[in-house]
Amino acid sequence: MDKFIINGPCKLKGKVNISGSKNASLPILAATLLFDKPVEISNLPGVKDIETMLKLLESLGLKVNRNKKKKSVKIFKSKKIKTQASYSLVKTMRAGILVLGPLITKYKKAITSLPGGCLIGERPVNHHLSALKKLGMKYNIIKGYIHATAHKNLNGKKIIFSKISVGATENLIMAACLAKGTTILKNCAIEPEIRDLINFLNKAGAKIKWIGRRSIKITGVKSLNQVKYKVMGDRIECGTFCVAAVLTSGNLQIKGFDPKLIRTELTLLKKIGAKIKTSLNEINIEGKKNLNSLKNLATKEYPDFPTDLQAQFMVLLCRANGISKITENIFENRFLHVGELRRLGAKINVKNNQAVILGNNSFQGAELMSSDLRASVALVLAALIAKGKSIINRIYHLDRGYENLEIKLKKLGVKIKRIH
């Protein structure tokens with residue numbers, strides 16, 4: 001199992017290019033099941049979750065031609081399409097459930113394993129299932145698999161999600177594309193990655209439009225056209241590098257991402273003490289020695305503060321003056337990194353879904369264990385400001401969502417190496 005060895009403290013300086021978005025690529029790849037004609041997708045990040053999704057599509061019968069140098073893929077429909085998504089592929093990522101909507105609307109049947117991923121809390125699929133049922137899908141859950149059928153075409157309906165869910169919104173958008181009639185989705189997630197999925201489908205001839213802040217109207221079409229599409233940049237990777245610059249009192253030029261999509265995060269970083277200038281697809285960010293605490297930072301659905309940056313901001317607030325509080329409202333088990341940060345010297349108390357951080361800590365290098373994707377990168381960030389050597393084990397979690405992280409960090413002045 002791979003591990004990182006990092007010698008700190010480090011100060012990040014230089015330019016970094018943001019990779020394509022993992023969370024945008026996964027639903028777009030799942031949506032290729034809707035097509036009879038070839039699809040070409042570019043700006044795919046070279047991360048484990050993308051490899052897993054491509055293997056899943058191949059297992060379902062699609063032909064996948066990859067060009068790793070160009071970070072692109074061409075996907076073709078074959079004559080033999082299978083409709084079972086196996087546990088061995090779905091167990092490592094929750095996005096595996098996203099093939100359910102396309103399979104059921106296109107092929108009228110699907111057997112999909114219940115999804116896996118990081119151990120950060122419940123990810124109930126009931127929002128996906130109850131909404132698809134309203135479109136005409138029938139299902140049973142047998143031995144960890146969803147057995148779904150639709151005897152006829154799915155039919156458009158008005159659906160109000162009881163809870164805002166990114167995955168359920170994506171699954172229903174894809175299913176409704178080829179359904180008969182019109183589907184209205186209300187209380188939808190509005191993350192930029194969802195807008196990217198809609199842009200992709202509309203470019204291929206789908207009829208999807210926003211009719212309110214969290215409302216979408218989808219008029220079903222019979223088929224989708226051949227299309228080429230470039231995936232957006234990775235919002236969470238961009239936010240992570242912004243935090244890294246401020247954390248290390250560094251100075252970074254971050255390229256390849258629209259700053260407007262992380263307004264909330266940049267506003268918070270300015271409050272903490274960052275100096276930030278933005279232009280089209282570029283962020284210049286500089287940190288300083290004295291940082292300010294945040295009295296109550298709370299995770300919430302977009303456009304508010306994302307749960308996927310909570311762990312990274314927690315590390316940053318360990319360096320700030322005074323006491324900070326973070327409330328986690330999305331996942332009930334997303335403070336697994338706290339115990340590892342304490343090993344470095346962090347002073348953090350957790351009660352229920354709130355963490356209280358006593359700032360102005362000095363970190364000492366230690367051996368650490370990753371528990372999930374975002375916790376992994378938080379430990380890397382913490383090691384950047386720790387004195388001495390830190391060893392971070394189980395970085396396969398990190399490889400699921402960050403492309404060439406150690407290579408990018410080395411170019412910015414970090415003493416980091418991967419041990420196989």
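Atom CD1 of I164 is separated from atom NZ of K300 by 8.0 Å, given to the nearest 0.5 angstrom. Distance check: I81 CD1 to L33 CG gives 7.0 Å after rounding to the nearest 0.5 Å. In this structure, the separation between CG on L316 and CD1 on I272 is 4.5 Å, given to the nearest 0.5 Å. Annotation: the span from L197 atom CG to I173 atom CD1 amounts to 5.5 Å, rounded to 0.5 Å. For the atom pair H397 NE2 and S371 OG, the distance stands at 6.5 Å (nearest 0.5 Å). Atom-to-atom distance recorded for L317:CG and I357:CD1 is 5.0 Å, nearest 0.5 angstrom.
Checking K255, K277, K260 one by one against E282, the salt bridge (Lys or Arg N to Asp or Glu O under 4.0 Å) holds for a single residue, K255. Evaluated for a side chain to side chain contact (heavy atoms under 4.5 Å, CB included) with V125, the options L100, T112, L114, N171 yield exactly one hit, L114. Only one option out of L336, V380, N393, L379 pairs with S370 in a side chain to side chain contact (heavy atoms under 4.5 Å, CB included); it is L379.
T248 places a side-chain N or O within donor-acceptor distance of the main-chain N or O of A244, the cut-off being under 3.5 Å. Side-chain atoms of D234 come within 3.5 Å of backbone N or O of E237 as a donor-acceptor pair. A distance-only check finds no donor-acceptor pair linking the side chain of T105 to the backbone of P102 [under 3.5 Å]. Between the Y302 side chain and the L261 main chain, a donor and an acceptor come within less than 3.5 Å of each other. N284 contributes no side-chain N or O that, together with a main-chain N or O of Q253, makes up a donor-acceptor pair within less than 3.5 Å. With hydrogens and angles disregarded, no donor-acceptor distance shorter than 3.5 Å links the side chain of E403 to the backbone of D399. With hydrogens and angles ignored, the 3.5 Å screen pairs a side-chain donor or acceptor of N187 with a backbone N or O of F161. Judged purely by atom type and a 3.5 angstrom limit, N361 uses its side chain to pair as donor or acceptor with the backbone of G359. Looking at S215, its side chain never comes within 3.5 Å of a backbone N or O of G212 through a donor-acceptor pair. Side chain of R214 to backbone of C188: a donor-acceptor contact under 3.5 angstrom is found.
Side-chain contact between V39 and Q226 is absent, with no heavy-atom pair separated by less than 4.5 Å. K74 places none of its side-chain heavy atoms less than 4.5 Å from the side chain of K228. Within the 4.5 Å cutoff, no side-chain heavy atoms of I391 are placed close to those of L368. Here the side chains of L297 and S324 are not in contact, with every heavy-atom distance at 4.5 Å or above. Contact check for S376 versus I395: no side-chain heavy atoms found under the 4.5 Å cut-off. With a 4.5 Å cut-off on side-chain heavy atoms, Y139 and H147 do not count as touching. In this structure, the side chains of I330 and E301 come closer than 4.5 Å at one or more pairs of heavy atoms. Put simply, the side chain of Y145 reaches to within 4.5 Å of the side chain of Q84, judged on heavy atoms.
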* Asked: Does the side chain to side chain donor-acceptor pair (under 3.5 Å) test come out yes or no for D196 and S21, once each step is laid out?
  -> CA-CA 10 Å; D196 212 34; S21 169; over 6 Å; no
* Asked: Step by step, would you call H420 with D2 a side chain to side chain donor-acceptor pair (under 3.5 Å)?
  -> CA-CA 5 Å; H420 294 288; D2 287 10; 3.2 Å; yes
* Report the C-alpha separation of Y402 and T240 in whole Å, then their side-chain angles, then the decisive distance to 0.1 Å, and conclude whether the side chain to side chain donor-acceptor pair (under 3.5 Å) test is met. => CA-CA 10 Å; Y402 287 90; T240 300; 2.9 Å; yes
* To do: Would you please test T299 and E328 for side chain to side chain donor-acceptor pair (under 3.5 Å) and show each step?
  => CA-CA 5 Å; T299 63; E328 174 56 60; 3.1 Å; yes
* Evaluation steps, salt bridge (Lys or Arg N to Asp or Glu O under 4.0 Å), between R66 and E51 -> CA-CA 10 Å; R66 305 174 213 194; E51 286 298 310; 2.6 Å; yes
* Assess whether side-chain contact (heavy atoms from CB on, under 4.5 Å) is satisfied between K389 and I5, documenting all intermediate values. => CA-CA 7 Å; K389 183 169 75 172; I5 296 177; 3.6 Å; yes
* Asked: For I283 and I276, what are the C-alpha separation, side-chain angles and deciding distance, and is it a side-chain contact (heavy atoms from CB on, under 4.5 Å)?
  -> CA-CA 7 Å; I283 301 166; I276 301 171; 4.1 Å; yes
* Asked: Yes or no on side-chain contact (heavy atoms from CB on, under 4.5 Å) for T264 and T267, after CA distance, side-chain angles and deciding distance?
  -> CA-CA 5 Å; T264 299; T267 300; 5.9 Å; no
* Does the pair K271 and L294 meet the rule for a side-chain contact (heavy atoms from CB on, under 4.5 Å), with working shown? -> CA-CA 8 Å; K271 282 183 181 178; L294 292 177; 4.2 Å; yes
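Scanning all heavy atoms of the two residues, the minimum distance from A95 to L26 falls at CB-CD1, 3.6 Å. Residues I285 and A245 come closest through the heavy atom pair CG2-CB, 3.7 Å. Shown here for S293 and K295, the closest heavy-atom pair between the two residues is OG-NZ, 3.6 Å. Shortest non-hydrogen contact noted between K22 and R374 is CE-NH2, 4.0 Å. S113 and Y87 get closest at one heavy-atom pair: OG-CD1, 3.4 Å. What you find for T169 and L185 is that their closest heavy atoms are O-CD1, 4.4 Å.
In summary, the side chains of K408 and S19 do present a donor paired with an acceptor at a separation below 3.5 Å, with no hydrogens or angles considered. Judged purely by distance below 3.5 Å, without hydrogens or angles, the side chains of Q312 and H337 never pair a donor atom with an acceptor atom. With no hydrogens or angles considered, no side-chain donor-acceptor pair links N43 and Y229 at under 3.5 Å. With no hydrogens or angles considered, a side-chain donor-acceptor pair links T307 and R334 at under 3.5 Å.
Here R235 pairs with E193 in a salt bridge; the nearest charged N to carboxylate O distance falls below 4.0 Å. A salt bridge links K106 to D36: one of the charged nitrogens lies within less than 4.0 Å of a carboxylate oxygen.
Checked against the 6.0 Å centroid threshold, F200 and F35 count as a close aromatic pair.
More than 12 heavy-atom neighbours from other residues, nucleotides or ligands sit within 6.0 angstrom of NZ on K108. Other residues, nucleotides and ligands contribute at most 12 non-hydrogen atoms within 6.0 Å of the CZ atom of R263. The 12-atom threshold is exceeded at NZ of K77, counting heavy atoms of other residues, nucleotides or ligands nearer than 6.0 Å.
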